[in-house]
Protein chains: 2
Amino acid sequence: MDGGMSTARRVTATDVARRAGTSQSAVSRVFTPGASVSPDLRERVMEAARSLGYRPNAIARSLITRRSRIVAVAMADLGNPFYALVLEALSARLQAEGYQILLFTADPAAPSDPMIEQVMRYQVDAVVLASTGLSSALARECRALGVPVVMFNRMTDDPDLSCVTGDNERGGREVAAFLASGGHRRPAFIAGLEGSSTNRDRERGFVRGLAEAGLAAPPRAAGYYSYEGAAAATRALLREAAPDAIFCANDHMAIACIEVARHELGLSIPGDLSVVGFDDVGPARWRSYDLTSFSQPLGPMVEATVGMLLEFMDDPSLPVRRVVVGGELVLRGSARRPPAPLPCP
Amino acid sequence: MDGGMSTARRVTATDVARRAGTSQSAVSRVFTPGASVSPDLRERVMEAARSLGYRPNAIARSLITRRSRIVAVAMADLGNPFYALVLEALSARLQAEGYQILLFTADPAAPSDPMIEQVMRYQVDAVVLASTGLSSALARECRALGVPVVMFNRMTDDPDLSCVTGDNERGGREVAAFLASGGHRRPAFIAGLEGSSTNRDRERGFVRGLAEAGLAAPPRAAGYYSYEGAAAATRALLREAAPDAIFCANDHMAIACIEVARHELGLSIPGDLSVVGFDDVGPARWRSYDLTSFSQPLGPMVEATVGMLLEFMDDPSLPVRRVVVGGELVLRGSARRPPAPLPCP
DNA sequence: CAGGTTTTTGCATACGTATGCAATGGAGGA
DNA sequence: TCCTCCATTGCATACGTATGCAAAAACCTG
């Protein structure tokens, strides 16, 4: 038995028209919001459509309207809960506006430009680049083709590209000020991906903040935004630099850092070592970590992204925009706090 | 300034043909693998395509070939790392086969059938339902339309539907046997979503396993597969039932359970309470939890899913298949172990 | 070199919908 | 009653590609 799989030819608007005793155009108009159709005809067409199981073919519609109502989203690292939640929020928000997400997962190791080559063939209405590894060359190319692009959580020097980011540099600065005023003398830094703008900005802010507090540039090790990478970086830093605090470029790495420090090396957090993360994503709140972290407000960032996309799709000639969504240092228990209230920087 | 956004009309195969001094069909053939084109013409066309920036229109192609090379994936709860990783693996695997994922996120609370109504309009080549909340009615409907469907991590009574699951019932049984032989006398259960097949099978196996070990049906509370739900369930169970072990229907909830037991109620894990999860997903390995868990091997499950999809797309008349991917109880430190080796059940 | 075979190419058409335009019909006003 | 106006409907065409078919070209074979 084949389970009842039928080879049913798809039902087209013409089939419905024939059954309703009218023309294909009329059927089209019934399914086009705002078109002029008499109540009588509408009823007949709907009835015929229902009984035949008609579903408008979005592909054919896209061909003629030149709008697919599809937004391409390029992502990497869904193992990082921040990105997983971003994707979920983006999808929910876009679906509410009648758009669907065509997902592209980028292997951060492999070059992803050929991947986008595929994307563009689908006539997507817009593109969201949320993968730190993607070259901005292809973003420019999309724009040149008239397809709106928003870089999510990824700044760029290119003035022709729109982006939405958290306040990375300020975050790094505030973490530095917080650690310094907490009496830490040898803070270290675990970097994310070396090429990424988020890492660059967070590190720059951190180093500047330390300098403003009279502290030297921190020892650093790269964790590549991965759990294993951060674990290795923590081991190396603790072996070689004897830091009294570690700022990790995201929460995912901060968790690995805490695990290694606490369970491999027997350190007490924050007694022997303070740890600070970045993102303030779900697990930061879990009591085992109770992670002090600079927040990236996911909701507002997604809202800003979708808002820009909708505006750009409405009018592609709108000027580029670069949105920075502010965050704040969320104080929890993974880092020693200053005795007095934190002075305003 | 508008950032250089041009209103470039899209380049079509006809444009390329004109420039290469040939016909549109020839251009089409150059971009169709396996078609017959002379090296000379191919070179001329490629050159013209390159200089014009031509990209074949996948939408138009789909219209005529009736294949979109798009697979719809319905998901809910990307906050659960298991599903986030599944999505990443599915996407990587399908991209390698030349397919893209059109993502549908289902709000487990809202009815999702109207959502799928939208999906079907995109002429997707196949559908993966990985959301526990989706009705199987629409799955049947997809099948009736000739679109292959695979239910992921979701069993169904309907013999007309294919599915890939972990070994839920056996997992529940093994957890029960393990806890019983570890000397636990009052194991409890935190359920996931009441309607879901995963929860039903895991619970059934657990209850049967306990019975085989001479233990009564466990006290239970529903955690709805969410962190907060499981936290509340843990509080309720510990207040009312005084269990010496808790089996949670997935890892995500087991982590919430450990957090609440350890940090709110000051219990030692596994000294005062053993906790066992299901999935063996990333955080289970984190040392703070060191979670004993029955594994659902993500790689093999995704592999089985994609394999079935490819076969079904190749030949839609193939018989339905129901694949159970075996897992194993991964022993870690969150549950007291039996003194002697676990007897074979 | 003739005749046959295979490869390459272009023509024409189909895929399923949206939409400009003209035709139809009915309502309303004088 | 006749004319105007507007709402409704159908006709025809366009969107960009793939593909069957036949013409043309290239290649063999004896």
Side-chain angles (χ1 to χ4, degrees), chain A residues 8-46 48-49 52-70 98 118 120-125 145-146, chain B residues 8-46 48-49 52-70 98 118 120-125 145-146:
Chain A
R9 199 176 60 83
R10 296 207 62 90
V11 177
T12 76
T14 309
D15 300 330
V16 175
R18 187 159 28 229
R19 170 120 179 189
T22 179
S23 69
Q24 178 267 322
S25 344
V27 176
S28 168
R29 280 188 253 264
V30 167
F31 284 87
T32 304
S36 158
V37 195
S38 71
D40 168 54
L41 182 63
R42 157 164 282 122
E43 186 43 47
R44 266 161 50 221
V45 167
M46 288 305 272
L52 291 175
Y54 171 68
R55 258 179 273 265
N57 183 329
I59 296 283
R61 171 181 302 207
S62 300
L63 188 57
I64 180 98
T65 62
R66 306 176 121 153
R67 307 208 136 214
S68 58
R69 298 199 80 80
I70 291 179
Q118 295 299 318
M120 296 310 295
R121 299 189 173 188
Y122 281 95
Q123 314 294 104
V124 295
D125 291 347
L145 287 166
Chain B
R9 198 176 62 83
R10 297 207 61 91
V11 178
T12 77
T14 310
D15 300 330
V16 175
R18 189 159 28 232
R19 170 118 178 189
T22 180
S23 70
Q24 178 266 322
S25 347
V27 176
S28 167
R29 279 188 254 264
V30 167
F31 283 88
T32 304
S36 158
V37 195
S38 70
D40 168 55
L41 182 62
R42 155 163 283 123
E43 185 44 48
R44 265 160 51 218
V45 167
M46 289 305 273
L52 291 176
Y54 170 69
R55 257 179 273 267
N57 183 330
I59 296 283
R61 169 179 301 199
S62 301
L63 187 57
I64 178 97
T65 61
R66 309 176 120 162
R67 308 209 135 213
S68 57
R69 299 199 78 83
I70 291 179
Q118 295 299 320
M120 295 310 296
R121 299 190 174 188
Y122 281 96
Q123 314 295 106
V124 295
D125 290 346
L145 287 166

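All chains are named by letter (A, B, ...) in the order of the sequence lines, taking the proteins before the strands, and each is independently numbered beginning at 1. No experiment lies behind these values; they were computed from the predicted model shown.
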Inset, instruction - May I ask you to test the B:Met46-B:Tyr54 pair for a side-chain heavy-atom distance under 4.5 Å? - result: no
Inset, instruction - Check A:Thr22, A:Val37, A:Val16 against A:Val30 for a side chain to side chain contact (heavy atoms under 4.5 Å, CB included) and give me the one that passes. - result: A:Val37
Inset, instruction - Would you mind reading off the distance between A:Phe31 atom CZ and C:dG16 atom P, rounded to a whole angstrom? - result: 16 Å
Legend entry - Atom pair distance, as rounded to whole Å: CG in A:Asp15 and C1' in C:dG16: 10 Å
Legend entry - Gap between atoms CZ and C1', on A:Arg61 and C:dT19 respectively (whole Å): 13 Å
Legend entry - Summary of protein contacts for nucleotides 8-15 of chain D, nucleotide by nucleotide, where a base hit scores B, a sugar-phosphate-only hit scores S (4.0 Å, heavy atoms): SBBBB-BB
Inset, instruction - Would you please confirm or rule out a distance under 4.0 Å between OP1 or OP2 of D:dT17 and any side-chain N or O of B:Tyr54? - result: yes
Inset, instruction - For B:Met120 and B:Leu145, work out which heavy atoms get closest and say how close. - result: CE-CD1, 3.8 Å
Inset, instruction - Scan A:Thr65 against the nucleic acid and name what it touches under 4.0 Å (heavy atoms): base, sugar-phosphate only, or nothing. - result: sugar-phosphate
Legend entry - Closest non-hydrogen atom pair between A:Ala17 and A:Gln24, with its separation: CB-N, 3.6 Å
Legend entry - Spacing of A:Ile59 atom CD1 relative to D:dT17 atom C1', expressed in whole Å: 13 Å
Inset, instruction - Flag the pair A:Asp40 and A:Arg44 as a salt bridge only when some basic side-chain nitrogen lies within less than 4.0 angstrom of an acidic carboxylate oxygen. - result: yes
Inset, instruction - Check A:Ser36 against A:Arg29 and note the closest heavy-atom contact, atom names and distance. - result: O-CD, 4.1 Å
